[in-house]
Amino acid sequence: MLKNMKLQLALLLAITEFILLLFIFSMFNKSLEEKIRVTEQNIYDSQVKKIQEIDQMFLEEIGLFESRIKKELQLNTSENVDIKPEIIKSLERIFAHYDPLFAELFGENGKGAYLISKGDEKIIKKAFKIMESSLASLINELNSETKVAAFDFKKQLITVAAESYGLNSEYIFSLFTQNLGKMKSFEIFDSHSIAILNPMKDYHGKVRYLLLLVWQPWFVEREYLKQVMRKLEISDSSHSLFFSYKTKTANSPEKWIRNSSDISLIISSNCREVPLCRKTVHQGRTYYLSRSPVTKIKRYRFGLIDNDQQILDEVSKLRQKLLVTVLIISIIVLFSWILMKKILLRPFDCLSSGVLALNERNFDFRVEPLGKDEFGRLAQAFNEMLESIQDLEVTRTLQETIFPEKTLVQNGWEFSGKCLPISEVGGDYYDFFEIDRQKVLFVIGDAVGHGISAALLVGMVKAAVFHPENSFEPKKILAHITAILASVFKKRRMMRCMIGIFDTASSTMRISNAGHCFPLVVNKNEVREISLPGFPAGVKIRNEYLEQTIDLSDQQWFLGYSDGLVESSDAEGNMIGYSRLAEILPEINSMNPAKSDSEMQESMVIINNLFSWHKSLVQSVKQKDDITLLAICRERMTL
């Protein structure tokens, strides 16, 4: 039998570990997929955010660029000195460091006084040629400190000249009046430019010249993106920047930061006008590419690319966690098997040998010492039984040691019980003991059958309840008892049993029932039955035992009982039944005590009065079954 039990336990542990590992691997795969999805989205979000930052910082760069240009144009001149040579020196420095497309200096008559050019921007030059009179008027108005917008600037003449070249005179006029001294981008036909028209003043603050500086926008944007690329190389290794100039034919990237040969093959012609978030595989590596609409940088399309290193790092972390989890589970299973063999199987082996010796009437056999726990005390009880000459008497003595010796009081709550067997050896069982200073475990049960076999069954249940490895959760204890009874006995042995844990501090209890009579809660004139179904312990079932919480804070008391109380027949042959019991319970505490003991515990008064009430009904009718009561109430209860 023990070999079969060992094989069953080993098989159970192996199946449990397999199912647990299967579940863990399934959860790992789900977690891995979710982690990859979240990390990829984080990469895309980070790329888009970085692209927006680069685009927004372009305005700051234009502002800094404008400040540096205006600083270069500050003149140190003395009275009655022509400022033109100083302006030319400033222009030479600007061309050397800031690379404009061209610069032209307009005198007070509006005509060009000096020109430096690197390109042939004919449209822009024509536009300013027809604006010579406007420029002259603008200088005059600036010197007279009158608002420019209030004067005509010979608009009619400008309009005629502008229309001959297909130019919008109102647009050109606004360039001079609204953007004076500021760097702005503008468009004339297909010519895109960034320009600043800055008044140049002499020592007395009089405007002598208007200086026009023009840059190609794509050049400024490209230089800015190159600067960003250099900063990313130094400060942010997680992103690689790519960009290309927006033309009708050029869609391929123009410049890369790192791994340019690989990245150019990956991106190919993916630089498009629409937003893009995608990934692609190249040479066994996954790359993530993001583009986002930009509003400040208009003539370049650009985006960011990342490899899958961040994904690989996250996967590596998850795999390490999985390995550690599997290792911990394996250690726990191994340790559980060792504990089972040492704590559970060895005591059962010894106790099974004692049961066999008892059945063979080998009273010389002794169960070896099993320690100081309940198994040890049960082994000692077996030895005491085997030493006895009369089986029934010794068994009765053993059963008496199973029940609590006295009433238990904790935090103002009393726990007491009483069993009235029909023979010297009964199959009913009740017990209670302190788990700690706040909680008490109680149990009441009824073993199927009578005699020695029922008493042994009760003893094994007591050992299981009192086992130090218990989790002290009612439904788990019942499940543990069922497993023991189902595996130890060849023939089915069942026990109807109810187990509860009462928190005396909060006046609440948790109970679980294995086919025992439903307990009753009494408060004044109200009797409430706690319906909690369940299969008897020892029945091989897969259903988990139920658990219920009961609040006794409102001066209530609790009664557990065996079916021998309600299934007894009265003097007229009628079964007492549950209804008559429920009717008497509200009055039972107010009845005169069955014993004239003023120091009797309140719970014992309830129990003794119930037994007296029962005896008054049955009178001389022979008792057919054991009767057991367990009461929980306050020390001074007023109902």
S.K.: So, do L629 and L565 sit near enough that their side-chain heavy atoms are less than 4.5 Å apart?
M.R.: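 Heavy-atom side-chain distance check passes, below 4.5 Å.
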S.K.: Kindly indicate, with the supporting measurements, whether the criterion side-chain contact (heavy atoms from CB on, under 4.5 Å) is fulfilled by L408 and F442.
M.R.: CA-CA 11 Å; L408 173 64; F442 63 90; over 6 Å; no
S.K.: Name all residues meeting the side-chain contact (heavy atoms from CB on, under 4.5 Å) criterion together with Q309; count only those two or more places apart in sequence or in a different chain, and write none if there are none.
M.R.: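 For Q309, the residues satisfying side-chain contact (heavy atoms from CB on, under 4.5 Å) (neighbours in sequence not counted) are R285, N307, L312, D313.
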S.K.: Does L630 offer a backbone N or O that forms a donor-acceptor pair with the side chain of Y430 under 3.5 Å?
M.R.: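 No; judged by distance alone, with no hydrogens or angles, the pair does not exist.
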S.K.: Report yes if the side chains of L585 and L520 come closer than 4.5 Å at any heavy-atom pair, otherwise no.
M.R.: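 A side-chain contact exists here, since the closest heavy-atom pair is under 4.5 Å.
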S.K.: Go through the structure and list residues passing side chain to side chain donor-acceptor pair (under 3.5 Å) with S553, not counting sequence neighbours.
M.R.: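 Side chain to side chain donor-acceptor pair (under 3.5 Å) list for S553, sorted by chain: D551.
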S.K.: Between N608 and K418, is any pair of side-chain heavy atoms under 4.5 Å apart?
M.R.: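 Yes - at least one pair of side-chain heavy atoms lies under 4.5 Å apart.
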S.K.: Considering all heavy atoms of both residues, which atom of P421 and which atom of D626 are nearest to each other, and what is their separation?
M.R.: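 For P421 and D626, the tightest heavy-atom pair comes out as CA-OD1, 3.3 Å.
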S.K.: Taking side chain to side chain donor-acceptor pair (under 3.5 Å) as the definition, give me every residue that meets it alongside N411, ordered by chain and number, with sequence neighbours left out.
M.R.: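 N411 satisfies side chain to side chain donor-acceptor pair (under 3.5 Å) with T504 once adjacent residues are dropped.
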S.K.: Where is the tightest heavy-atom contact between I606 and C633, given as atom of each residue plus distance?
M.R.: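 Looking at all heavy atoms of both residues, the shortest contact is CD1-SG, 4.1 Å.
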S.K.: Minimum heavy-atom separation for F472 to L441, with atom names?
M.R.: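 Shortest heavy-atom contact: CD2-CD1, 3.8 Å.
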S.K.: Does the side chain of F518 reach to within under 4.5 Å of the side chain of I530, using non-hydrogen atoms?
M.R.: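 In short, these two side chains do not touch, never coming nearer than 4.5 Å.
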S.K.: With side chains defined as the heavy atoms from C-beta onward, is the minimum distance between S290 and L304 less than 4.5 Å?
M.R.: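 SC-SC contact between S290 and L304 ruled out.
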S.K.: Say whether, by atom type as modelled, one donor and one acceptor occur between the side chain of Y545 and the main chain of P533 under 3.5 angstrom.
M.R.: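 Side chain of Y545 to backbone of P533, a donor-acceptor pair under 3.5 Å: no, none is there.
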S.K.: Could you pull out all residues at least two apart from D625 that satisfy salt bridge (charged side-chain N to carboxylate O under 4.0 Å, His left out)?
M.R.: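 Applying salt bridge (charged side-chain N to carboxylate O under 4.0 Å, His left out) to D625 gives none.
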S.K.: Answer yes or no: is there a donor N or O on one side and an acceptor on the other, between the side chain of S512 and the main chain of L546, under 3.5 Å?
M.R.: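 At least one qualifying donor-acceptor pair exists.
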S.K.: With sequence neighbours excluded, what pairs up with S562 under the side-chain contact (heavy atoms from CB on, under 4.5 Å) test?
M.R.: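 Here the qualifying residues are D428, H516, T628.
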S.K.: Could you tell me which residues satisfy salt bridge (charged side-chain N to carboxylate O under 4.0 Å, His left out) with E434, sequence neighbours excluded, listed by chain and number?
M.R.: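 For E434, no residue satisfies salt bridge (charged side-chain N to carboxylate O under 4.0 Å, His left out) once neighbours in sequence are set aside.
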S.K.: Taking all heavy atoms of A447 and all of L457, pick out the closest pair and write down the distance.
M.R.: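 Shortest heavy-atom separation between A447 and L457 comes out as CB-CD2, 3.7 Å.
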S.K.: Between E547 and K476 (side chain of the first, backbone of the second, donor and acceptor by atom type, cut-off under 3.5 Å), is there such a pair?
M.R.: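 Checked: no pair found.
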S.K.: Who passes side chain to side chain donor-acceptor pair (under 3.5 Å) against K439, sequence neighbours left out?
M.R.: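 K439: no side chain to side chain donor-acceptor pair (under 3.5 Å) contacts found.
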S.K.: Identify each donor-acceptor pair in which a side-chain atom of residues 26-34 lies under 3.5 Å from a protein atom, sequence neighbours left out, and give them as a table.
M.R.:
| residue | atom | partner | partner atom | Å |
| --- | --- | --- | --- | --- |
| N29 | ND2 | F25 | O | 3.3 |
| E34 | OE1 | R37 | NE | 3.4 |
| E34 | OE2 | R37 | NH2 | 2.5 |

S.K.: Can you find a pair of side-chain heavy atoms, one from S568 and one from I576, that are under 4.5 Å apart?
M.R.: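 Of all side-chain heavy-atom pairs linking I576 with S568, at least one is under 4.5 Å.
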S.K.: If you measure from CG on L323 to CG on L327, what distance do you get to the nearest 0.5 Å?
M.R.: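 Between atom CG of L323 and atom CG of L327 there are 6.5 Å.
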S.K.: For R634 and L552, which heavy atoms make the closest approach, and how far apart are they?
M.R.: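 Closest heavy-atom pair between R634 and L552: NH2-O, 4.0 Å.
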S.K.: Go through K49 and D45 one step at a time and tell me if the side-chain contact (heavy atoms from CB on, under 4.5 Å) criterion holds.
M.R.: CA-CA 6 Å; K49 182 180 179 181; D45 293 343; over 6 Å; no
S.K.: Quick one: does I481's side chain get under 4.5 Å of I499's, heavy atoms only?
M.R.: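 They are in side-chain contact.
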S.K.: Does S46 use its side chain to pair, donor to acceptor, with the backbone of N42 at less than 3.5 Å?
M.R.: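 Side chain of S46 to backbone of N42, a donor-acceptor pair under 3.5 Å: no, none is there.
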S.K.: Test side-chain contact (heavy atoms from CB on, under 4.5 Å) on K615 and L420 and set out the steps.
M.R.: CA-CA 12 Å; K615 186 176 181 181; L420 184 62; over 6 Å; no
S.K.: Return yes when atom CG of D436 has more than 12 non-hydrogen atoms of other residues, nucleotides or ligands closer than 6.0 Å, and no otherwise.
M.R.: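 For D436, atom CG is crowded (more than 12 foreign heavy atoms under 6.0 Å).
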S.K.: Nearest 0.5 Å please: distance from the CG atom of D563 over to the NZ atom of K624.
M.R.: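 Going from the CG atom of D563 to the NZ atom of K624 covers 12.5 Å.
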S.K.: Check the surroundings of atom CD in Q619: do more than 12 heavy atoms from other residues, nucleotides or ligands lie under 6.0 Å from it?
M.R.: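 Yes.
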S.K.: Do the non-hydrogen side-chain atoms of V324 and Q320 ever get within less than 4.5 Å of each other?
M.R.: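 SC-SC contact between V324 and Q320 ruled out.
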S.K.: Can a salt bridge be assigned to the pair K475 and E544 using a cut-off of 4.0 Å between side-chain N and carboxylate O?
M.R.: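 Salt bridge: yes.
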S.K.: Do D503 side-chain atoms and A505 backbone N/O form a donor-acceptor pair below 3.5 Å?
M.R.: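 Yes, because the side chain of D503 sits within donor-acceptor range (under 3.5 Å) of the backbone of A505.
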S.K.: Taking only residues two or more places apart in sequence, or in another chain, which ones meet E314 in a side-chain contact (heavy atoms from CB on, under 4.5 Å)?
M.R.: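 By the side-chain contact (heavy atoms from CB on, under 4.5 Å) rule, E314 matches K35, T39, K317.
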S.K.: To the nearest 0.5 Å, what is the distance between CD1 (I435) and CD1 (I501)?
M.R.: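 The distance works out to 4.0 Å.
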S.K.: Among all residues two or more places apart in sequence or in another chain, which pass the ring pair (Phe, Tyr, Trp, His ring centres under 6.0 Å) test with F502?
M.R.: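 Scan of F502 (ring pair (Phe, Tyr, Trp, His ring centres under 6.0 Å), adjacent residues dropped) gives W413, F415.
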S.K.: Of all residues at least two apart in sequence or in a different chain, which pass the side-chain contact (heavy atoms from CB on, under 4.5 Å) check with Y288?
M.R.: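 Only E40, I43, Y44, Q47, K279, T286, D308, I311 meet the side-chain contact (heavy atoms from CB on, under 4.5 Å) criterion with Y288.
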S.K.: Could you give all pairs that pass the side chain to side chain donor-acceptor pair (under 3.5 Å) test and reach residues 569-584, with sequence neighbours left out?
M.R.: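 Counting only pairs at least two positions apart or across chains, the side chain to side chain donor-acceptor pair (under 3.5 Å) contacts touching residues 569-584 are D570-R580.
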S.K.: Which atom names give the shortest non-hydrogen contact between M604 and S416, and what distance separates them?
M.R.: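 It is SD-CB, 3.5 Å.
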